[in-house]
Amino acid sequence: MIFLSQLFKSPIETGAIAPTSEKLSKLIVDMANLSEKKFVVELGPGTGVFTKEIMKNIPKKSEFFSLEINDEFVKETKSNNPEATVYHASAKEIKKYLRQHNQDKSDCIISGLPWGALAEDIQIDLLNEIYDSLELGGVFLTIALLQGLMFPPGMRFKKAISSKFKKVERSKIVWNNLPPGFVYHCIK
Ligand SMILES: C[S@@+](CC[C@H](N)C(=O)[O-])C[C@H]1O[C@@H](n2cnc3c(N)ncnc32)[C@H](O)[C@@H]1O
């Protein structure tokens, strides 16, 4: 229900009618291979479906925070994942929050941002911030919706990550997601 109400208030930022399915949430976190990661950052947690999988899989000694622009979603993610650190902030502020944690770079950024709904300048700003916040060899994972491959913002996003990152791979399509989606796994 919260997704529909927030979609009504902030359609572009919310960018979906429902949370990502458990199957796709597990897939993105499995592909991140968290057992090897030291500092994990999540962007756009919504109701915290990826956060839940991250909390289950992140090593105890690793650090984590999540950045969410919508205060209602911050509350929801925190209430569903009381052990997670969730800031009410834009994904454009990754470096600022890394500094607060005495870190320069992350080795893993996991995104639920609605790339297919975002304007080109916002996509570019966010991708630059993500790229600059990752260490060399660090990974950026994001969900993408199948329909996005057919529309300009999704096509633009695919082109942008392919030209920016050293290696970009696509997962299989998860059909039991509303709408069907997949994961991009990008290595800096
Ligand atoms: C499509 S929803 C995905 C939510 C959740 N990750 C999931 O998969 O169910 C997009 C989320 O990104 C958040 N968001 C959009 N733009 C953002 C930004 N610039 N910084 C941080 N969060 C943002 C929205 O508020 C929303 O929670």
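Just follow the structure's listing: the first ligand is 1, and inside any ligand the first atom is 1. One is the number of the first residue; the rest follow in order along the sequence.
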Ionic contact status for Glu129 with Lys92, cut-off 4.0 Å: no

Minimal non-hydrogen separation, Leu149 against Tyr184, with atom names: CD2-OH, 3.5 Å

Test item: side-chain donor near acceptor, Gln6 and Asn70, under 3.5 Å: yes

Shortest non-hydrogen contact between Gly48 and Thr77, atoms and distance: N-OG1, 3.4 Å

Where ligand 1 meets Val49 - atom numbers and elements under 4.0 angstrom, heavy-atom basis: 7 (C), 9 (O)

Atom 3 (C) of ligand 1 - nearest protein heavy atom and its distance: Gly112 O, 3.2 Å

Atom 22 (N) of ligand 1: nearest protein contact (heavy atom, Å): Ile69 N, 3.3 Å

Proximal candidate to atom 24 (C) of ligand 1 [heavy atom criterion; set Glu93, Glu42, Glu13]: Glu13

Option with minimal heavy-atom separation from atom 5 (C) of ligand 1, where the choices are Ala16, Pro19, Pro45, Ser25: Pro45

Residues Ser111 and Glu42: side-chain donor-acceptor under 3.5 angstrom: no

Option whose closest heavy atom lies nearest to atom 8 (O) of ligand 1, chosen from Thr20, Ile143, Ile122, Ile17: Thr20

Between Phe64 and Phe39, ring centroids under 6.0 Å: no

Which residue and heavy atom of the protein sit nearest atom 17 (C) of ligand 1, plus the separation: Leu113 CD2, 3.5 Å

Plane angle bin for Phe157 and Phe140 - parallel if under 30°, tilted between 30 and 60°, otherwise perpendicular: perpendicular

Whether Gly48 lies under 4.0 Å from ligand 1, heavy atom: no

For Ser90, atoms of ligand 1 separated by under 4.0 Å from a heavy atom: 19 (N), 20 (N)

Ala89 neighbourhood, listing ligand 1 atoms whose heavy-atom distance to it stays under 4.0 Å: 21 (C)

Electrostatic pair Lys167-Glu169, nearest N-O below 4.0 angstrom: yes

Atoms of ligand 1 close to Ala91 [distance to a heavy atom under 4.0 angstrom, numbered from 1]: 18 (C), 19 (N), 20 (N), 21 (C)

Salt bridge (Lys or Arg N to Asp or Glu O under 4.0 Å) assessment of Lys38 paired with Glu135: CA-CA 11 Å; Lys38 299 182 295 290; Glu135 65 182 35; 3.7 Å; yes

Numbering as shown, the atoms of ligand 1 that approach Leu67 to under 4.0 Å (heavy-atom distance): 21 (C), 22 (N)

Sub-4.0 Å atoms of ligand 1 with respect to non-hydrogen atoms of Thr14: 1 (C), 2 (S), 10 (C)

Non-hydrogen atom of Leu43 closer than 4.0 Å to ligand 1: no

Asn70: numbered ligand 1 atoms lying under 4.0 Å from its heavy atoms: 25 (O)

Shortest non-hydrogen separation from Cys108 to Leu34 and the atoms involved: SG-CD2, 4.1 Å

Atom 25 (O) of ligand 1: nearest protein contact (heavy atom, Å): Glu68 OE2, 2.5 Å

Protein residue, atom and distance nearest to atom 6 (N) of ligand 1, heavy-atom basis: Gly44 O, 2.8 Å

Charged N-O contact under 4.0 Å between Lys37 and Asp107: no

Atom indices of ligand 1, in the order listed, that fall short of 4.0 Å to a heavy atom of Pro114: 10 (C), 12 (O), 15 (C)

